[in-house]
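Working notes, structure below.
Heavy atoms only: backbone and side chains are in, while hydrogens, waters and symmetry mates are out.
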Amino acid sequence: MPTEIPWLAPVGALLLGYLLGSIPFGVLLTRAAGAGDLRTIGSGNIGATNVLRTGRKGLAAATLLLDLGKGAAAIWLADALLPGMTALAAAAVFLGHCYPVWLKFRGGKGVATLMGVVLALYWPSGLVYAVVWLGLLAVVRISSVAGMSAAISAPVSAAFFGRIDLVLLLLALALIVLWKHRDNIDRLLSGAEPRVGSKRG
């Protein structure tokens, strides 16, 4: 990267990450499959859990993998093209998913994309993330509980493994996941949060 344009690399990382993150795979896949506008179904969220409420398990799985994949891809591309800018790309791809310009900044809750980010940044923490997410999902069958717990596990495991350089970034992203789940938290406190398989919120 030319040293005479010092801002080019960080701007490039931000744009790369944001544009990748803002691809709304759930909306695109359900529309292409004739399942309607995902934003008018269930909770209106664009993630895999809401895609599952269309009854299309294959579409839900594809959405999950693609949302996860774009998180990892942003890190790998930034590492290859813009060395030293992976943290910026990580934050940007996550924010792009949660606040995509194409959907008037009303995006997903970031759980799958954050997993892709964590796996690409430091795979041991990514494995912890996956175990917490899938394990709790299997046990309690409440997507929000599993997703929020997995997000919280990211900075905790990074600190445990000695990756202090990642803790603040992962903590900030985990807090955004919690913020995006604020309605779910209210329903959990009132005992109204649906379990996986329910057609509600």
Once salt bridge (Lys or Arg N to Asp or Glu O under 4.0 Å) is applied, what residue pairs with a partner in [range] remain, sequence neighbours excluded?
range: residues 32-43; answer: Asp37-Arg39
range: residues 11-36; answer: none
range: residues 90-108; answer: none
range: residues 156-179; answer: Arg163-Asp165

Hey, any chance [X] and [Y] share a hydrophobic cluster, counting ILVMFWY side chains that come within less than 4.5 Å of each other, even indirectly?
X: Leu175; Y: Leu88; value: no
X: Ile142; Y: Leu52; value: no
X: Val101; Y: Leu16; value: yes
X: Leu188; Y: Val139; value: yes
X: Leu95; Y: Leu19; value: yes

query: Quick one: hydrophobic cluster around Leu168, which other residues, with the 4.5 Å side-chain cut-off, linked directly or via members?
result: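 Other cluster members: none.
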Heavy atoms from other residues, nucleotides or ligands near CZ of Phe161 exceed 12 (cutoff 6.0 Å):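 Above 12, so yes.
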The criterion is side chain to side chain donor-acceptor pair (under 3.5 Å); which residues satisfy it with [X], sequence neighbours excluded?
X: Asp79; result: none
X: Trp76; result: none
X: Ser144; result: Glu193
X: Ser22; result: Trp102

task: Please assess Phe160 against Val128 for the test side-chain contact (heavy atoms from CB on, under 4.5 Å), listing each intermediate value before the final yes or no.
output: CA-CA 11 Å; Phe160 177 81; Val128 172; over 6 Å; no
Which pair of heavy atoms, one from [X] and one from [Y], lies closest together, and at what distance?
X: Ala158; Y: Leu170; value: CB-CD1, 4.0 Å
X: Leu178; Y: Ile185; value: O-CD1, 3.9 Å
X: Asn45; Y: Gly107; value: OD1-O, 3.6 Å
X: Ile75; Y: Ala120; value: CB-CB, 3.5 Å
X: Val177; Y: Gly147; value: CG1-O, 4.5 Å
X: Met115; Y: Ala130; value: CE-CB, 3.3 Å

Do [X] side-chain atoms and [Y] backbone N/O form a donor-acceptor pair below 3.5 Å?
X: Ser190; Y: Arg187; answer: yes
X: Tyr18; Y: Ala89; answer: no
X: Arg141; Y: Ala138; answer: no
X: Thr113; Y: Asp67; answer: yes

So, taking the atom named [atom1] in [X] and the one named [atom2] in [Y], what distance separates them when rounded to the nearest 0.5 Å?
X: Leu127; Y: Leu119; atom1: CG; atom2: CG; answer: 6.5 Å
X: Met85; Y: Leu77; atom1: CE; atom2: CG; answer: 15.5 Å
X: Ile46; Y: Thr63; atom1: CD1; atom2: OG1; answer: 9.5 Å
X: Asp186; Y: Arg182; atom1: CG; atom2: CZ; answer: 9.5 Å

- request: Would you check if there is a donor-acceptor pair between the side chains of Asn184 and Lys109 at a distance under 3.5 Å?
  value: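 Yes, Asn184 and Lys109 have a side-chain donor paired with an acceptor closer than 3.5 Å.
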message: Please enumerate all residues that pass side-chain contact (heavy atoms from CB on, under 4.5 Å) together with Ile23, with sequence neighbours excluded.
response: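 Ile23 satisfies side-chain contact (heavy atoms from CB on, under 4.5 Å) with Leu20, Phe25, Leu28 only.
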message: Which residues pass the side-chain contact (heavy atoms from CB on, under 4.5 Å) test with Val11, not counting sequence neighbours?
response: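 Counting only residues at least two positions away or on another chain, Val11 forms a side-chain contact (heavy atoms from CB on, under 4.5 Å) with Trp7, Leu15.
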Does the side chain of [Y] come within less than 4.5 Å of [X]'s, by heavy atoms?
X: Thr49; Y: Val111; answer: no
X: Arg56; Y: Leu29; answer: no
X: Leu114; Y: Ile176; answer: no

Side chain to side chain donor-acceptor pair (under 3.5 Å) partners of residues 117-130, not counting sequence neighbours, each pair once: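 Every side chain to side chain donor-acceptor pair (under 3.5 Å) pair that includes a residue of residues 117-130, provided the two are not neighbours, is Ser125-Ser157.
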- prompt: Is the Lys NZ or Arg CZ of Lys180 less than 6.0 Å from the centre of Tyr99's six-membered ring, within 45° of the axis?
  reply: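 Yes.
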